[in-house]
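Please read these numbers as outputs of a predicted model, since none were measured by experiment. Worth knowing before you read on, the calculation uses all heavy atoms, side chains too, and leaves out hydrogens, waters and symmetry mates.
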Amino acid sequence: MPSAILRGRFCLFALLGILSISLGAGTSHIKCIDREKQALLKIKQGLTNTQGYYSSWESEVDCCRWKGISCNNRTGNVIALNLNSNYIFRDNIDPSILCELQYLEYLDLSYHNLEGQPRIPKCIDSLGHLTHLKLASAGFVGSIPCELQNLSSLQTLDLSWNQNLTANDLQWLSHLSSLRYLNLERVDLSQAVDWLQSINKIIPHLVELNLAECSLPKINILPRINSSTTLKVLDLSRNNLTSSTLPWVFNVSQNLIDLYLSETWLQGHIPEALGNMISLETLYLDSNQLEGGSNELSGSLPDFIGLPSLTFLDISNNQLNGSITEAQLSKLHNLSYLDVSHNLLSSLKSLDLQSNNLTEFFPKYFGNLPHLSKLFVGSNKLRGSLPDFIELPSLKSLDISNNQLNGTILSIIGQLSSLTYLNLGSNSFNSVITEAQLSKLPNLLHLDVSHTLFSFNLSSEWIPPFQLQELDMSSCILGSNFPKWLKNQKALVSLDMSNCRISESIPEWFWDLCLGLKQLNLSYNKIHGELPNLSLRNVKADFQEFDLSSNYISGPLPKFPPNTSFLNLSKNKFSGSLYSLCTTLGSRLSFLDLSNNQLSGTLSDCWKGFEKLNILILANNFFSGHIPTSIGSLRQIKTLHLSKNVFSGEIPILKDCKELEFIDLGGNKLDGEIPAWIGQILPKLVVLRLRSNKLYGNIPVTLCNLSALHILDLAQNNISGKIPDCLNNLTALSYDMKIFKETISHSHIYDGYVLYGSIERYNFEDNAVVTWKGKETEYKKNLGLVKIIDLSCNNLTGKIPPNLASLVGLISLNLSRNNLVGLIPNGIGQLKLLESLDLSKNVLFGGIPGTFSNLSFLSHLNLSFNKLSGNIPKSTQLQSMDVSAFVGNNGLCGPPLTKEYCNGDGNSSPNPSITSNNQMNDNEGEESGLISFGFYVSLTVGFIVGFWGVCGSLILISSWRYAYFQLFDNIKDWMYVKAVVFVARLKNRIQS
């Protein structure tokens with residue numbers, strides 16, 4: 001019986017625990033305290049506007065459900081009262097009523113402007129739980145009660161814009177150790193001579209401090225500075241600060257983000273200590289008496305003007321003079337707003353703010369600048385229309401390109417008759433350019449209206465008053481013909497009319513108009529016809545950059561001037577051989593693209609003369625024969641595109657081409673072995689594409705040395721042997737794609753003439769045709785993010801190297817159509833960025849690793865025609881694949897296959913390791929299918945109903961409990977008697 005009593009007590013205690021939990025859960029429906037509800041209704045009576053926001057404040061409704069009210073879920077006490085209004089109302093509330101809400105943690109009465117000149121009640125200290133007190137613009141008058149010091153939990157205190165509120169001292173602040181946000185703006189602190197000492201005690205914990213327009217008393221003796229690591233915002237504007245206060249301001253926090261010192265009567269030089277505030281993003285120094293002094297502005301601002309994080313700077317309404325240097329402005333990488341208006345900067349001549357984050361166009365903030373001759377604000381985020389430039393009469397160079405400007409422009413620009421340089425490119429201007437507008441710019445030398453929506457309405461007989469040296473009209477609407485007004489532009493050095501919808505052949509007069517032309521771009525039009533012999537037609541011609549790509553030009557390649565450094569004739573209909581280029585082009589050639597034409601024949605062995613060649617693209621033509629050995633002498637070559645031709649023979653020796661980053665020889669008839677020297681002397685190689693040739697032999701182990709390699713494509717050859725075990729040394733494939741640039745680009749220098757600089761650096765973005773997800777895709781902008789290994793359609797044997805699992809940057813792996821054997825490595829599931837995986841048509845056996853369920857980006861999978869078996873692991877990606885991804889594996893089962901269950905243990909292979917692997921997959925399938933959330937819910941409900949239904953009955957009904965335990969005792973006695981009788985009978989039988 002004692003054991004029965006213990007069991008009963010245990011059940012009783014457990015039931016009491018459950019009841020207490022149930023009672024606790026029931027308290028969530030506790031209503032608010034009636035005393036506090038009545039106090040809130042008194043507050044409502046004093047409100048002017050009781051509609052809308054306060055419509056839920058009805059006596060028959062639980063006040064915990066009123067808008068702006070929050071209650072404690074256990075006690076029902078009001079803990080938050082938020083009456084913050086978006087508008088200022090004149091209300092008649094007795095502030096002492098608030099003291100009846102003694103459990104308040106949050107109180108906001110901002111913008112209620114209480115009538116009757118109320119004072120902050122002294123009983124406020126009874127609200128000991130208060131953490132946020134916001135009384136901004138609430139109409140309070142009189143002295144701030146020192147009882148506030150008892151609110152030790154206070155984190156936010158906002159008493160701002162109570163214009164008749166005063167404080168004789170701020171010693172009470174020192175008791176508020178939890179305070180983080182303090183706003184006393186427009187509170188009268190003229191008598192608080194201890195303000196700095198009191199603030200200094202709490203400054204180590206503050207995040208934001210606002211003492212603007214507080215009539216702060218002057219500081220004669222500076223207290224010891226308590227530096228803060230948390231203070232982010234400091235506003236002392238509209239006070240009369242003395243120079244003795246500034247050391248405290250500039251040393252109070254090294255993490256300050258926003259500093260407001262407007263109208264603080266600062267005098268003299270801008271303090272150099274600002275240069276130490278490297279976290280500063282917003283700085284207001286406007287409306288003071290700052291001046292440049294003997295060193296002028298350039299000597300006063302060098303430290304602070306280069307603050308790396310500065311985005312907003314206002315130093316207007318001072319006495320600054322002199323000039324702002326380009327070296328200073330070049331440091332303002334993040335600046336989005338600048339105001340230096342109403343100073344003495346009349347001698348400013350040059351202002352360059354290119355490539356920042358400026359969002360407002362600000363000549364209107366500079367006042368009258370009669371000597372400003374250069375204004376460059378290109379590559380910012382300027383929006384809207386342009387201001388009037390009438391205050392900039394001396395302006396000669398204006399660059400507002402690469403912004404978001406729109407509206408009428410040329411009528412405003414017409415005010416600037418002295419302009420020689422005008423760049424309006426890459427904006428949203430869409431007006432019509434007329435003769436009358438351009439005639440007001442007689443001195444113009446450079447005009448850039450590219451990538452806008454400008455259209456031209458100019459007479460063919462019009463003679464411009466200017467002689468341009470540079471003209472860029474790319475992506476403008478010119479019409480189908482070449483503009484005839486260009487006939488009179490005899491001084492042109494650079495001309496860009498790409499993508500202008502021109503659809504005629506190049507007229508005869510065009511080749512005669514510019515004897516000194518250095519740069520010509522007519523790409524992306526519909527120009528047709530043939531080109532003349534340019535090397536003989538203009539003896540003095542000196543084309544440095546020649547781009548006629550993406551047109552319909554046909555015929556043989558003409559001869560070009562020997563000084564050509566950039567030649568792009570791709571995507572046309574040229575035919576014939578390259579012989580003319582070999583005989584005329586010289587050593588200055590840096591870029592040559594003849595891809596996507598109908599060129600044919602063998603390549604002449606003339607490449608030794610092109611010693612500066614960086615980019616060579618001859619893809620998608622009909623070139624045949626051996627690749628010339630002289631290509632191996634191109635010491636500066638970075639990109640070599642010879643794909644989709646009919647080249648034969650072995651890969652030429654490129655041992656001197658150590659700058660190579662991109663090799664594409666795919667789609668030819670090259671034979672021989674893959675040279676081992678590729679991995680020995682080309683350390684910068686990023687792309688190696690040799691697919692669709694007749695290469696044979698093993699994959700050289702030296703390829704593992706290519707640590708920068710992103711794309712390895714050896715597919716569709718006759719390569720045999722094993723996959724090297726060292727591919728994990730391709731470290732560029734072992735990193736997340738986020739650390740790499742999106743593009744694979746090469747910068748190269750060519751000897752081109754540029755009006756504002758003698759050397760131009762051209763940035764070329766490579767492109768590649770990549771086969772993945774079962775189709776060919778061309779990548780250019782995002783090529784740097786493409787990381788692929790494709791060894792498909794060869795005769796490779798052996799196992800898949802397990803260390804491929806370390807190449808976590810891979811997005812595509814294709815080993816299909818080989819003779820690979822063995823298990824699929826478990827580590828393949830660690831390639832979490834993998835989007836395409838093809839292991840089809842090999843001799844792989846065993847199960848699909850359960851780690852495949854980790855491949856959350858996988859969108860293309862092909863494991864067909866192997867000897868795989870067991871359950872397909874369950875995951876969103878795997879079950880969404882087409883059935884064709886798994887066909888030809890008779891031992892596989894589970895969705896998406898129609899064979900949902902495997903026979904026996906789901907394995908068809910006697911190999912123990914395979915069996916254990918598949919069993920693991922089966923277990924995982926069971927766990928993900930049966931042991932679900934619903935299983936645990938059912939288990940819990942069954943336990944509570946079944947177990948506690950019995951125990952509860954036994955605890956509550958004593959007769960049942962007595963009968964229950966009596967039953968067990970009777971059963972025990974019966975079993976005991978039966979056992980004794982059985983033993984006795986057994987002994988008698990043995991004895992007899």
Side-chain angles (χ1 to χ4, degrees), residues 557 575-583 592-611 613 615-682 685 687-703 706 709 711-721 768-769 771 790-796:
L557 292 174
S575 58
S577 69
L578 296 187
Y579 179 75
S580 61
L581 297 185
C582 281
T583 58
L592 179 60
D593 188 350
L594 303 176
S595 61
N596 294 282
N597 279 285
Q598 300 170 18
L599 299 169
S600 60
T602 59
L603 292 186
S604 300
D605 201 6
C606 60
W607 300 97
K608 288 185 179 180
F610 302 125
E611 56 190 37
L613 194 60
I615 310 295
L616 176 58
I617 307 176
L618 304 178
N620 288 285
N621 281 287
F622 300 99
F623 294 117
S624 59
H626 290 242
I627 299 175
T629 57
S630 59
I631 284 184
S633 63
L634 301 176
R635 295 179 180 272
Q636 297 186 29
I637 191 77
K638 294 182 178 179
T639 289
L640 180 61
H641 276 274
L642 302 180
S643 61
K644 294 189 177 180
N645 282 283
V646 201
F647 289 117
S648 58
E650 296 185 353
I651 298 174
I653 298 175
L654 305 176
K655 290 185 177 181
D656 292 331
C657 305
K658 298 181 180 180
E659 299 298 318
L660 264 174
E661 299 179 23
F662 198 109
I663 296 179
D664 188 353
L665 304 179
N668 284 286
K669 296 183 178 180
L670 299 173
D671 54 26
E673 297 186 356
I674 300 175
W677 51 258
I678 291 180
Q680 296 171 336
I681 61 175
L682 302 180
L685 203 61
V687 175
L688 177 60
R689 187 174 182 270
L690 303 178
R691 71 178 294 121
S692 300
N693 280 287
K694 298 180 179 180
L695 302 174
Y696 53 82
N698 296 336
I699 299 176
V701 178
T702 55
L703 293 187
L706 300 175
L709 200 66
I711 297 177
L712 175 61
D713 189 349
L714 307 179
Q716 297 178 11
N717 282 284
N718 297 315
I719 302 171
S720 57
V769 176
T771 302
D790 190 345
L791 306 179
S792 61
C793 301
N794 281 288
N795 298 313
L796 296 172

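- One finds the CG atom of Leu616 at 9.0 Å from the CG atom of Asp593 (value rounded to the nearest 0.5 Å).
- Shown here are the side chain to side chain donor-acceptor pair (under 3.5 Å) partners of Ser792, two or more places apart in sequence or in another chain: Asp790.
- Shown here for Pro652 and Pro628, the closest heavy-atom pair between the two residues is CB-O, 4.2 Å.
- Heavy atoms only, all atoms of each residue included: Cys657 and Leu634 are closest at SG-O, 3.4 Å.
- Across all their heavy atoms, Glu650 and Gly672 have their closest contact at CG-CA, 4.3 Å.
- Atoms CG and OG, from Asn693 and Ser648 in turn, are 10.5 Å apart once rounded to the nearest 0.5 Å.
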Between Thr639 and Glu661, does a side chain to side chain contact (heavy atoms under 4.5 Å, CB included) hold up when you go through it step by step?
-> CA-CA 6 Å; Thr639 289; Glu661 299 179 23; 5.7 Å; no
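- For the atom pair NE2 (His626) and OG1 (Thr602), the distance works out to 10.5 Å, reported to the nearest 0.5 Å.
- A distance-only check finds a donor-acceptor pair linking the side chain of Asn794 to the backbone of Asn717 [under 3.5 Å].
- Contact record, Lys644 with Asn668: N-ND2, 4.0 Å, taken as the closest heavy-atom pair.
- Remark: Lys694 does not engage Asp671 in a salt bridge, criterion side-chain N to carboxylate O under 4.0 Å.
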Side chain to side chain contact (heavy atoms under 4.5 Å, CB included) evaluation trace for Leu714 with Leu695 | CA-CA 9 Å; Leu714 307 179; Leu695 302 174; 5.9 Å; no
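- Contact check for Leu592 versus Leu613: side-chain heavy atoms found under the 4.5 Å cut-off.
- Not a single donor-acceptor pair under 3.5 Å links the side chain of Asn621 to the backbone N or O of Phe623.
- Side-chain atoms of Asn718 do not come within 3.5 Å of backbone N or O of Ser720 as any donor-acceptor pair.
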Would you sort out whether Leu660 and Leu640 count as a side chain to side chain contact (heavy atoms under 4.5 Å, CB included), showing the intermediate values?
-> CA-CA 8 Å; Leu660 264 174; Leu640 180 61; 4.1 Å; yes
Passes side chain to side chain contact (heavy atoms under 4.5 Å, CB included), Ile678 versus Leu706? Steps please.
-> CA-CA 9 Å; Ile678 291 180; Leu706 300 175; 4.3 Å; yes
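- A distance of 12.0 Å separates CD1 of Ile719 from OH of Tyr696, quoted to the nearest 0.5 Å.
- The closest donor-acceptor contact from the side chain of Ser580 to the backbone of Leu557 lies under 3.5 Å.
- For the atom pair Leu712 CG and Leu690 CG, the distance stands at 8.0 Å (nearest 0.5 Å).
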Verdict with supporting geometry, Gln716 and Ser692, side-chain hydrogen bond (donor to acceptor under 3.5 Å, both in side chains) = CA-CA 5 Å; Gln716 297 178 11; Ser692 300; 2.6 Å; yes
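- Thr702 is linked by a side chain to side chain donor-acceptor pair (under 3.5 Å) to nothing, counting only residues two or more places apart in sequence or in another chain.
- Shown here for Ile681 and Lys655, the closest heavy-atom pair between the two residues is CD1-CA, 2.8 Å.
- Between the side chain of Ser630 and the main chain of Trp607, a donor-acceptor pair closer than 3.5 Å is present.
- For the atom pair CD1 (Ile653) and CD1 (Ile627), the distance works out to 12.5 Å, reported to the nearest 0.5 Å.
- In this structure, Ile651 and Ile663 have side chains that are not in contact, with every pair of non-hydrogen atoms separated by 4.5 Å or more.
- You'll find the side chain of Leu703 stays beyond 4.5 Å of the side chain of Leu709, heavy atoms only.
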